[in-house]
*Asks:* 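Attaching a single structure in structure tokens format; questions to follow.
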Amino acid sequence: MSGSAAAGVDVRGTAAPGYEAVRDAFVRNFEQRGERGAAVAVYRHGRKVVDLWAGTRDVDGTEPWAVDTVQVVRSAGKGIAAAVPLLLHQRGQIDLHAPVSTYWPEFKANGKERVLVRHLLAHRAGVPALDRPLTPEEAADGVSGAHAVAAQAPAWEPGAAHGYHAQTFSWLLGELVRRVTGRTVGRWVAEEIARPLGLDFWFGIPDDEAHRVGRIGPVEPPAAENTGALRLRPKRSVAEAYRDPESLTRRAFGAIDPLPDENDPAYRAAELPASNGTATARGLARCYAAMIGPVDGQRLFAPATLTLARTEESAGPDRVLVVNTRFGLGYMLHGPASPLLAPGSFGHPGRGGSLGFADPESGIAFGYLTNGLQKGVTADPRAQALVRAVRSVL
């Protein structure tokens with residue numbers, strides 16, 4: 001382990017020779033982009049080449065970010081959760097073309113009998129919002145969310161369009177996995193992914209690890225930065241959609257109302273794969289590295305499964321995000337709304353900053369997390385600066 005002070009930023013960790021540009025970009029995020037505490041990790045062909053952290057573990061605190069600090073990664077966890085049904089398919093336990101009701105009979109209520117498993121993963125199921133939002137307690141109880149999405153009538157003909165299932169993805173995917181395996185998605189990830197790979201990643205962080213979690217909070221970026229992302233559709237802007245309490249955008253992100261306190265230990269202990277995964281940057285990057293190739297002899301995705309993850313299932317106007325988005329089976333794909341490393345990249349951002357992805361062609365796997373949440377859903381300028389740095393060294 002090594003540390004370096006650059007313009008007052010004490011950066012800890014390592015960057016392999018040739019990856020100094022990533023360290024430089026990481027420092028500039030603190031100097032120029034309002035970073036408070038963050039970590040970034042990069043693997044290439046299964047080998048860790050960048051593992052850096054700096055700042056404080058709490059957004060307004062003084063305690064330094066440590067080698068083992070973990071943070072809530074919000075929707076960046078969706079990419080890890082999506083691996084579960086893909087691995088179940090790989091093992092012959094789920095048919096991606098089957099109706100969800102094959103495994104979860106109650107789900108076919110109110111016109112959802114033709115929702116396929118692949119629709120659920122590609123945000124085409126039509127249930128991004130609930131007629132009655134759940135309270136934070138209901139969202140976390142492991143029962144109410146599944147009942148609510150099963151009873152919900154779809155907002156559009158399932159399969160005919162796509163819209164980001166920001167919160168309901170937790171209960172859709174979680175209940176599907178429970179019905180097929182008898183295990184919660186958090187337990188499945190712990191036993192079948194995190195433990196074999198030695199990952200610091202949890203849905204529902206256990207009590208004996210909770211002391212490692214830093215506090216997250218909002219921060220204002222110092223200035224607007226053009227990332228080339230979120231090209232707006234004509235006649236309706238993202239801001240307008242968020243302001244309208246009746247819009248599908250507002251209702252999708254407000255499926256839990258009031259929004260939970262993400263620093264509450266009870267929230268972190270719940271299993272909400274859409275929003276409350278906790279991780280280190282190296283844990284996020286290492287998981288993606290194992291999706292595209294062997295890591296210390298362990299590999300997650302067979303070649304055919306990797307193809308499924310990054311083959312376009314949804315593209316064009318997103319009925320929730322109000323921009324053009326691209327999804328594979330559970331993953332955002334490289335495009336204007338979610339710029340990753342290259343056209344073949346797949347992964348998932350977290351609202352406010354975090355990002356995890358892999359690029360099979362270059363062998364790159366990337367993980368970034370922050371405690372300073374800035375406005376934006378898909379293309380944080382700090383994450384994008386780091387991605388550009390990785391691109392520059394290839």
Side-chain angles (χ1 to χ4, degrees), residues 74-75 77-78 81-82 100-101 104 106-176 230 233 236-260 262 267 270-276 313-314 316-325 327 330 332 337 348-352 376-378:
R74 291 182 155 187
S75 286
K78 284 185 173 82
V100 173
S101 59
W104 178 5
E106 298 92 332
F107 185 75
K108 65 184 176 182
N110 281 322
K112 300 193 301 300
E113 61 276 356
R114 287 186 288 182
V115 177
L116 308 182
V117 173
R118 66 189 311 117
H119 292 157
L120 186 157
L121 292 174
H123 297 269
R124 305 183 72 85
V127 285
L130 300 175
D131 291 339
R132 185 187 73 80
L134 302 182
T135 67
E137 293 75 22
E138 289 171 329
D141 67 16
V143 176
S144 299
H147 288 170
V149 292
Q152 180 65 42
W156 62 79
E157 177 65 28
H162 78 283
Y164 185 48
H165 288 51
Q167 299 280 15
T168 58
F169 194 82
S170 280
W171 311 305
L172 293 167
L173 186 142
E175 187 65 10
L176 175 67
L230 290 182
R233 290 173 61 197
R236 190 177 193 194
S237 72
V238 174
E240 289 171 343
Y242 276 102
R243 282 195 298 266
D244 180 1
E246 300 303 317
S247 72
L248 196 57
T249 305
R250 183 85 167 264
R251 292 174 56 228
F253 283 96
I256 305 174
D257 188 31
L259 290 175
E262 294 170 290
Y267 174 79
E271 294 187 21
L272 293 168
S275 59
N276 84 335
E313 291 279 327
S314 299
D318 187 301
R319 294 201 176 187
V320 171
L321 294 179
V322 201
V323 293
N324 292 333
T325 57
F327 288 95
M332 277 193 167
H348 218 289
R351 189 179 188 189
V377 178
T378 61

*Asks:* Report yes or no: does H119 contribute a side-chain atom to a donor-acceptor pair with the main-chain N or O of R124 at less than 3.5 Å?
*Replies:*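 No.
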
*Asks:* Inspect the contact between R118 and E313 and indicate whether a charged nitrogen and a carboxylate oxygen are less than 4.0 angstrom apart.
*Replies:* yes

*Asks:* Could you check whether any side-chain heavy atom of F107 comes within less than 4.5 Å of a side-chain heavy atom of L176, counting everything from C-beta outward?
*Replies:*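 A side-chain contact is absent here, since even the closest heavy-atom pair is not under 4.5 Å.
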
*Asks:* Taking the side chain as every heavy atom from C-beta outward, state whether H348 and S75 have any atom pair closer than 4.5 Å.
*Replies:*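 Yes, close enough: below the 4.5 Å cut-off.
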
*Asks:* State, yes or no, whether a side-chain contact exists between N324 and P317 at a heavy-atom distance under 4.5 Å.
*Replies:*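 Yes, close enough: below the 4.5 Å cut-off.
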
*Asks:* Checking K112 side chain against S101 main chain: does a donor-acceptor pair fall under 3.5 Å?
*Replies:*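 No.
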
*Asks:* When you measure from the side chain of R250 to the backbone of R243, do you find a donor-acceptor pair of N or O atoms at a distance under 3.5 Å?
*Replies:* yes

*Asks:* Assert yes or no for the condition that the ring centre distance of H123 to H162 is strictly below 6.0 Å.
*Replies:*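 So the answer is no for these two rings.
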
*Asks:* Does a side chain donor of either Q152 or D131 reach within less than 3.5 Å of an acceptor in the other side chain?
*Replies:* yes

*Asks:* Taking T168 for the side chain and V127 for the main chain, is one N or O donor matched with an acceptor at less than 3.5 Å?
*Replies:* yes

*Asks:* Got a sec, which residues hit salt bridge (charged side-chain N to carboxylate O under 4.0 Å, His left out) with E137, two or more places apart in sequence or on another chain?
*Replies:* none

*Asks:* Would you confirm whether W171, through its side chain, and H147, through its main-chain N or O, come within 3.5 Å as a donor-acceptor pair?
*Replies:* no

*Asks:* So which atom in P349 and which in M332 form the shortest heavy-atom distance, rounded to 0.1 Å?
*Replies:*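 Looking at all heavy atoms of both residues, the closest pair is CD-SD, 3.6 Å.
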
*Asks:* Compare every heavy atom of L248 with every heavy atom of A155, then report the nearest pair and how far apart it is.
*Replies:*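 Shortest heavy-atom contact: CB-CD1, 4.3 Å.
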
